[in-house]
Amino acid sequence: MRGRAMSFPKIHDLYLARTVLTTVMLTWAVLLGLDMMLSMVSEFGNVGEGSYGVVQALTYVLYTVPRHAYTLFPTAAVIGALMALGQLAATSELTALRAIGLSRRRMTLAVMIALSLLTVLMVINGETLAPMGQRSADVLKASSRSNNLIVARYSGVWAREGAIILNAEGGEERSDGDDRWLELSDVRLYEFEDDGRLQSLAVAKIAEHRPGGWLLREVTRTTFDADSVTRTQVAEERWDSQLDATALSADIDRPRYLTARELHESVAYRQRNGLDASDYEEHYWGRWFYPLNVLALCLAAIPFAFGSLRSGGLGKRLFIGIVFALGFWLLQTQFVKMASAFKFDFRVAYALPTVIMVGVSMLLFRKRSG
């Protein structure tokens with residue numbers, strides 16, 4: 001009989017899950033709406049550059065909705081869960097549920113299962129719609145702001161400036177403190193005559209765009225004259241070009257916008273070639289710990305619904321939800337930065353805040369049960 005009494009789900013489990021899901025989704029919609037408004041204000045500042053108009057700005061923002069939804073979901077989950085359970089506690093519905101034999105553990109389980117469904121959808125979104133949408137948004141913005149960009153997803157980066165066409169196998173945005181620059185690798189510069197004849201071909205191992213302009217490294221230049229071919233090699237060469245580095249960077253995949261599979265491949269490639277893979281490892285393990293972070297954060301916050309939130313209002317629940325979300329984010333960010341600085345495993349950096357939150361949850365449950 002006891003086993004049947006604990007069967008799952010019952011109508012009260014479904015009611016609790018539905019209430020939490022509804023509140024989380026409403027909270028999520030509000031946060032996402034505010035975030036989209038801020039994004040629109042930011043994008044409108046770029047209107048007028050090239051052919052980038054209001055329609056392009058709105059389209060850009062729409063393309064980025066899946067990524068913003070993925071980023072905001074953990075915050076929406078903890079705030080929405082607290083608001084839903086706090087409201088049920090304020091109206092004595094949680095007391096009634098406990099009076100019919102529904103334990104706190106069972107109520108927590110119902111909430112966590114409901115949140116797990118949304119978390120799974122967000123994980124799928126983070127591996128499909130979010131990176132696809134962000135890439136489309138970046139290409140749209142760059143191609144509208146600069147007429148030099150040629151989109152070529154599977155043959156590297158292509159761009160044109162006057163009679164010169166640039167092709168690079170890949171590249172990335174680099175930084176050293178406040179100094180940031182764009183670095184392209186395996187670069188080829190094709191320069192043509194007015195009649196379409198190839199005048200010269202320059203092959204550079206690296207092309208850097210810094211505040212002072214473009215710098216080519218390890219350059220081999222082949223010049224084609226009417227009846228001869230000349231080849232020269234230099235260690236460094238300045239390239240006097242007005243090519244928009246911002247437009248080029250849009251066609252370069254940034255680690256935070258890659259899928260977990262692409263991140264894994266990038267980490268493996270850099271490790272095989274002795275390159276720094278820390279940026280890619282950071283985001284790769286962040287994807288794996290994303291669902292655990294969401295559930296651990298909500299699990300640590302739920303016990304408040306059985307205690308002080310019963311006498312609190314909406315403002316108090318909202319405040320505690322924001323404090324939990326912000327505190328967890330700051331804690332994890334610091335651990336990840338330390339992992340990057342001191343070169344220890346990113347899995348440890350992501351796991352420690354999660355373990356701390358689970359420990360907090362267990363202590364709070366014991367205190368509320370006492």
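Here, residue 1 is the first one in the sequence, and each next residue gets the next number.
Arg221 and Glu237 are joined by a salt bridge, as a carboxylate oxygen and a charged side-chain nitrogen come within less than 4.0 angstrom of each other. Ionic pairing of Glu127 and Arg287 is present here: one or more N-O contacts between side-chain nitrogen and carboxylate oxygen are shorter than 4.0 angstrom.
Side-chain contact check for Ser200 and Glu191: at least one donor-acceptor pair (N or O, by modelled atom type) lies under 3.5 Å. At a cut-off of 3.5 Å, with distance as the only test, a side-chain donor of Tyr52 or Glu43 sits close to an acceptor on the other residue.
Under the 3.5 Å distance criterion, the side-chain polar atoms of Thr64 are matched with a main-chain donor or acceptor of Val61. Looking at Tyr350, its side chain does come within 3.5 Å of a backbone N or O of Glu282 through a donor-acceptor pair. Checking side-chain atoms of Asp345 against main-chain N and O of Arg347 turns up a donor-acceptor pair under 3.5 Å.
Other residues, nucleotides and ligands place no more than 12 heavy atoms under 6.0 Å from the CE atom of Met25. For Arg231, the CZ atom counts as loosely surrounded, since its 6.0 Å shell holds 12 or fewer non-hydrogen atoms of other residues, nucleotides or ligands. Taking a 6.0 Å sphere around CG of Asp240, one finds it holds 12 or fewer heavy atoms contributed by other residues, nucleotides or ligands. Environment of CG in Asp194: sparse, with no more than 12 heavy atoms of neighbouring residues, nucleotides or ligands closer than 6.0 Å. Atom OH of Tyr63 is surrounded by 12 or fewer heavy atoms from other residues, nucleotides or ligands within 6.0 Å.
Residue Leu295 is grouped with residue Trp28 when hydrophobic side chains (ILVMFWY) are merged at heavy-atom distances under 4.5 angstrom, including chains of intermediate members. Cluster annotation: Leu331 is connected to Phe344 through the hydrophobic network of ILVMFWY side chains, with a link wherever side-chain heavy atoms come within less than 4.5 Å. In the hydrophobic clustering of ILVMFWY residues, with side-chain heavy atoms under 4.5 Å counting as a link, Val65 and Val41 come out apart. No chain of hydrophobic side-chain contacts below 4.5 Å, direct or via other Ile, Leu, Val, Met, Phe, Trp or Tyr residues, connects Met36 to Leu62. Linking Ile, Leu, Val, Met, Phe, Trp and Tyr whenever their side-chain heavy atoms come within less than 4.5 Å leaves Leu72 and Leu129 in two separate clusters.
Counting heavy atoms from C-beta on, the side chains of Leu88 and Leu16 come closer than 4.5 Å. Using a 4.5 Å cut-off on side-chain heavy atoms (C-beta onward), Gln56 and Lys141 make no contact. A heavy-atom distance below 4.5 Å is found between the side chains of Met40 and Leu58. Inter-residue side-chain proximity for Tyr280 and Leu258 is flagged as met; some heavy-atom pair is nearer than 4.5 Å. Within the 4.5 Å cutoff, the side chain of Met83 has no heavy atoms near those of the Val78 side chain. For the pair Thr23 and Leu85, the minimum side-chain heavy-atom distance is 4.5 Å or more. Residues Arg67 and Gln134 meet the side-chain proximity criterion, which asks for heavy atoms closer than 4.5 Å. Residues Tyr190 and Ile164 are not in side-chain contact: their nearest non-hydrogen atoms beyond the backbone lie 4.5 Å or more apart.
Distance NE2/His283 to OG1/Thr259: 13.0 Å, rounded to 0.5 Å. A distance of 11.5 Å separates OG1 in Thr333 from CZ in Phe335, rounded to the nearest 0.5 Å. In this structure, the separation between CH2 on Trp285 and CG on Leu263 is 11.5 Å, given to the nearest 0.5 Å. Atom CG of Leu31 sits about 11.0 Å away from atom CG of Leu26, to the nearest 0.5 Å. Atom CE of residue Met122 and atom OH of residue Tyr290 lie 6.5 Å apart, to the nearest 0.5 angstrom. In this structure, the separation between NE2 on His68 and OG1 on Thr71 is 7.0 Å, given to the nearest 0.5 Å.
Qualifying side-chain contact (heavy atoms from CB on, under 4.5 Å) partners for Ala351, counting only residues two or more places apart in sequence or in other chains: Phe289.
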ask   = Between Ser136 and Tyr60, does a side-chain contact (heavy atoms from CB on, under 4.5 Å) hold up when you go through it step by step?
value = CA-CA 8 Å; Ser136 298; Tyr60 175 90; over 6 Å; no
key: side-chain contact (heavy atoms from CB on, under 4.5 Å) between Leu215 and Glu183, worked out   = CA-CA 10 Å; Leu215 177 65; Glu183 182 177 292; over 6 Å; no
inquiry  = Apply side-chain contact (heavy atoms from CB on, under 4.5 Å) to residues Asn167 and Val187 and explain how you reach the verdict.
reply    = CA-CA 6 Å; Asn167 172 237; Val187 179; over 6 Å; no
query = Where do Trp214 and Leu189 land on the side-chain contact (heavy atoms from CB on, under 4.5 Å) test, with the steps shown first?
reply = CA-CA 13 Å; Trp214 286 95; Leu189 297 174; over 6 Å; no
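Nearest heavy-atom pair across Leu21 and Ala114 is CD2-O, 3.3 Å. Taking each heavy atom of Leu216 and Ala204 in turn, the nearest pair found is CB-CB, 4.1 Å. Between Asn125 and Pro131 the shortest heavy-atom distance is O-CD, 4.0 Å. A pairwise comparison of heavy atoms in Ser116 and Met112 identifies OG-O, 2.7 Å as the closest pair. Of all non-hydrogen atoms in Ala296 and Thr354, the two that sit nearest each other are CB-CG2, 3.6 Å. For the residue pair Leu115 and Phe73, the shortest heavy atom distance occurs at O-CZ, 4.3 Å.
Grouping Ile, Leu, Val, Met, Phe, Trp and Tyr by side-chain contacts under 4.5 Å, direct or through others, puts Val30 with Leu34. The other residues sharing a hydrophobic cluster with Ile124 are Val120, where clustering joins ILVMFWY side chains under 4.5 Å apart.
Ring-plane geometry between Tyr284 and Trp288 is classed as perpendicular, the angle between the planes exceeding 60 degrees on a 0 to 90 degree scale with a lower cut at 30.
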